[in-house]
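What follows is a short report on a single structure.
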Amino acid sequence: MPPFRDDQILIIAPGSQTTLAQLGLPESYTPARSRLRSRMFPAEKEGEFEPVKIRRREDNAPAHNGDGHEGATNGENDENDGWEEDHISEEGAVWPMKKGKIVDWPAFYALMTHVYNTVNPPFHTPVLLISEPVWTPKDLEKVTQFFFEKFKVPAFAVMDAAMAATYAYGVPTATVVDVGMEKADITCVSDHVLHHIGRSLAVPDCGGESLTDRLVEVMKGRKGFGREVCDQLKRSGICEVLPSDAEILKNDAAVEDDPANPAAAASTGIDGEGQQRSNSSGAVGDVPRGPGPGTEVGEEKLEDEEGVLDIASIVTGGNMSEYLAQKEREKAERAAAKGKKGSDSQPATAAKPVRLPNSKRLRNSFMYEDFNLHNAMKKAGMSGENMAEMHSALDEGPNKRQKTPEPTSAVSENAADGALETTQETSSGSIFRREIEVGPERFQAASGGILDRLADAVYRTVQSCNDINRRSDLWDNMIILGNGSRVRGFKDALLARLSEKYIISPSSATIFTSELPSNLSTPIATGANTPMPQMPGQPHPSSGVNPLLVAATTAQNPHFNPAQSTFGHQSSHSHSGHGQTPTSIKLVKFPEYFPEWKDVGYDEAAFLGAQVAAKVLYVNDSTGSGYMNRTTYNDQGPTAIHEVAM
Amino acid sequence: MATIPPTQAPGTAEYAGDEIGALVLDPGSHSTRAGFAGEDTPKSVVPTHYGVLPTGERLFGDNAIHLPKADLEIKNPYNSDGIVEDWETAAKLWEYTITSRLTGARQTPPSKNGLNDAKDENGDTNMDEGMEQLEEQEKPLQEFPLLMSEPAWNPAKERQKTIEIAMEEWGVPAFFLAKNGQLAAYSQSKATALVVDIGALNTSVTALWDGMVLQKSLQHTPLAGNWLNDQIRIMFANNQPPVPLVPHYMVKSKTPVDANAPSSATYVHFDKPPTDSFRKLEEERVLTSFKESVVQVWQGPGRLDSPASQGGVTNGDYVKSMPPKPFEMPDGWNTVFGLERFKVAEGLFDHNAAYTDDKTKKPSGEQTIISVVNKALQAVDVDARPVLLNNIILTGAGSLIDKLPERLQADIQAMYPNPRVRVLANSNSVERKYGAFVGGSVLASLGSFHQMWVSKEEYAEHGAQIVDKRCK
């Protein structure tokens, strides 16, 4: 009789940005059911935390006991006593984990409590916690203590995120590259044993944030591309990392073939761009002059310039109605332009039967969801009606959704990245969407050296794995995951970078090349063709090649030349030849029997691994040696977690 | 939020039963190892090299020191003899090694970490309880007894400095300092042994009798890992054609080229190239990889240039007939090494075989590993020698060169033909590399080690000199 039931196991995976949780193991392991932002808001009482932002509506509101809100689920908007919950804004939030490290323990405990309450497991529920690699043994003890003391869990186990990833992929040996928000962790696991020595923990500037940073840097010249916009650009399907810098250059070069740089081309509407597009698509060659797509772009850009902050200031400044009127006008104009565009210049692009893949297109657009504006409006005390009005005026979302290039990517984006946000959006319906078009800058997210940094860290990690013989296996079993690696093309680009930088090619000196065959016949007579294992017991020349011949030949050729290689090289076929690694680098293929994961991507595969492990630990293994139970805790205290920590 | 009762920290009286309580710190000139007592590998291994920014800020750890940055100087707190020179940095580095991966920074006792304090989570309420208490609170290792290793020739002043740092800066409740040779022997569960420890800066020989270090026997020589690196560099420079040593950070991408052909790689462009010291550090990484995959010691018997069984042919001629091993540089340049891959390591055993150049002089005959082993044996009682010869423990990362244990065995056997010579080299590379740590981990988790700790009170009473009395 298994000690616990499938449906009564709680898995929690805290992360710096998102915390995943799920109660129970479904028949087929699914992506985490609960996704919560890893942040808490300081409550009225100092040192206590709320899961949602509470803002004061009136100044004279009476002090409100924060506990009343504890456990309030997302989506319901209860307002009382002059306080309201804001489910969208994250201003002033406390993020208890930074780069995987727990920096604010009280907030972390509050977050865990919030997660626990949200999932609301029955009393007798064991917990499996996925630990960030950077947590120290002391941290683990503290967490263990917290779970036993606070939730009275009957059993508790922790599993390292990297270990969990190998469980998900079902491989005993792997190099796990976990690209997070502000950091990446690189771990070698060989034969289910995690190598602590040489492990690269929390490598800074290697996460999704640095991609955003880079975009911000690249977009510096353009107004309206603030951090928020760049962040969403990164998440959108059009941001892509091309396999090598060379391709970006090629792309740039293509742009430079145009009479002007892309920005100028865009704003002045020079037809070069139209030509460029048509050339690349091989469609209509001649593009009518006039207000072509280039001009359209220009307009868009102007609007961008007025974008984020300006709208906010208009709102707060009270010039709303004027602005709205202007907006309406613009909309109408644009609609007209669009009609025109559709009639003349559009064939080159939109009317094409086959859509070009994103990487071949010079520019592409994505939907920007403006949270800042929402904040600004709330601050300005905007009423619901006003906001709705504003919303209808500004939101370009729904009718342009179809313009997003690859629908699949858009789906996966929403499914995972913004799952929580989406629910909030739909409930509140007050998110402002705008379409923003971006040029080839969108391919440069990873051009800031992040790939080099990551590649170096991966190389360093594998090379410092003490088990030299396993290194080539480690190279052949790379797992790249983590939401930071979600940007399209990132994994391939990293793999390509690793390959071009580190792969050891077969040495031409040890492989018989065409220049050698003529020599091959000579040494056969000496017996040198027989592979000669190095026998420690009988190391002397008598066992191998005629030493005199060796001496004579090598005397003539004191330095290496192809002729000399004939003496020893036959056996290089039988021995490994290269002691160096990597001779090849491959990604592990994700097992196909988890259909639910296919759509959302495998970036959170560690959670899947945790489900596999939870099943083994809590259900299949009746000895109960894989987790820490209440008795053990009572006897030995939190330090006993090290016995079972994976 | 409900409060959590105080941690049931193991009482101070039961230092290191089987509990993970005590810390073991095994500092070296190449890497600094630390972990909890009772563990079989150090959880925290940090390079001893550190980076210094022009601002004077020191950067520790692999993540920080391998990124090419202009003006980042790479330094090492050790002097060439393997003794700490820069105490300030060493103390910080050691603290980083322990806190970054083991204990977390700045532990606060449960009574003060705010968890049990319903009123204030930040411990603010404790602030007014006096500065003294605050200072106490800030010491990073207050809860952890600490066992440290030291080289056998560590001068008294340095030893006292070590206990001072541990007691005063870190606030450890108990401390012990053990010789790393001693610890390496414990890792193999031997109390009587001759320990040969090949490290980065030094190879040391320590004779141990019933757990006691025989002071007369202590020997060390600079012929070790770093010296081997220098040998490889000279070999590269003298090779025909010369081997270009280009570290990874300079290469953006490489394409395969034929052996000995010039590389065709694209290089990273630096506005201001990183410092020489940084380049050296990165070059050493390539050399390490070379040592791992190519270098081999002639396994004996005899030297590389001594005649083999048949007339006129030397062992060197024989190894030429073995398949040479290829090596590819980070920029794609590659070649094969036949005799050279044996010759670079031969100097460890045969001073005449060492490569020399303008800067590197030939080591004296007394500096070879065999000579120092011999000297150590000569210094001990003649009756003890057979036992020691039967228990030669080889440890240290430098000993991982292929076939080195075989050669050591053969050479010592040739010198002492009569008693049986047995070189014990752990086949597990991790355990051989971290022999001293493993021994320390065993020692600190022994219940019977309990009375050996130098407690805080004893330190307060006797001062730093107590380390000379207690830790022999």
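Lettering of chains follows the sequences in order, A, B, ..., and the numbering in each one begins at 1.
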- B:Thr41 side, atom OG1; A:His195 side, atom NE2 - distance, nearest 0.5 Å: 9.5 Å
- Message: Is B:Val294 close to chain A through its backbone or its side chain, or both, or neither, when contacts mean heavy atoms under 4.5 Å?
- Response: neither
- Query: Between B:His248, B:Lys433, B:Glu292, which has the largest tally of heavy atom pairs under 4.5 Å with chain A?
  - Reply: B:His248
- Item | Spacing of B:Arg432 atom CZ and A:Asn466 atom CG [to the nearest 0.5 Å] | 12.0 Å
- Would you mind telling me which of A:Leu201, A:Asp456, A:Ile468 has the largest number of heavy-atom pairs within less than 4.5 Å of chain B? A:Leu201
- Query: How close do A:Lys501 and B:Val251 get, heavy atom to heavy atom, and via which atoms?
  - Reply: CE-O, 3.0 Å
- Task: Applying side chain to side chain donor-acceptor pair (under 3.5 Å), name anything that partners B:His66, two or more places apart in sequence or on another chain.
- Result: B:Asp62, B:Glu282
- Begin from the C-alpha positions of A:Lys138 and B:Glu143 and carry the test side chain to side chain contact (heavy atoms under 4.5 Å, CB included) through to its verdict. CA-CA 11 Å; A:Lys138 269 286 141 186; B:Glu143 305 165 28; 3.8 Å; yes
- Using atom types as modelled and distance alone, determine if a side-chain donor or acceptor of B:Lys254 lies under 3.5 Å from a backbone N or O of A:Ile503. yes
- Task: Any chance you could measure B:Arg101, atom CZ, to A:His196, atom NE2, to the nearest 0.5 Å?
- Result: 9.5 Å
- Message: Nearest 0.5 Å, please: how far is NE2 in A:His642 from CD in B:Glu39?
- Response: 7.5 Å
- Query: About how many Å separate CD1 of A:Ile197 and CZ of B:Arg33, when rounded to the nearest 0.5 Å?
  - Reply: 10.0 Å
- Message: Below 4.5 Å, heavy-atom pairs only: which of B:Leu102, B:Leu67, B:Leu339 has the largest tally toward chain A?
- Response: B:Leu102
- Query: Taking only residues two or more places apart in sequence, or in another chain, which ones meet B:Asn63 in a side chain to side chain donor-acceptor pair (under 3.5 Å)?
  - Reply: none
- Message: A quick test of your reading: do over 12 heavy atoms of other residues, nucleotides or ligands sit less than 6.0 Å from NZ of B:Lys343?
- Response: no
- Task: Tell me, for B:Pro256 versus chain A, whether the close heavy atoms (under 4.5 Å) come from the side chain, the backbone, both or neither.
- Result: both
- Query: Contact part of A:Phe148 toward chain B, heavy-atom cut-off under 4.5 Å: side chain, backbone, both or neither?
  - Reply: neither
- Note on the structure: Value for OG (B:Ser253) from CZ (A:Arg497), rounded to nearest 0.5 Å, stands at 8.0 Å
- Item | Heavy-atom proximity to chain A below 4.5 Å, by part of B:Tyr434 | side chain
- Item | Side chain, backbone, both or neither of A:Ala107 within contact of chain B (heavy atoms, under 4.5 Å) | neither
- Answer yes or no: are there more than 12 heavy-atom neighbours, outside B:Lys69 itself, under 6.0 Å from its atom NZ? yes
- Note on the structure: When every non-hydrogen atom of A:Gln580 is compared with those of B:Ser293, the smallest separation belongs to CG-OG, 3.6 Å
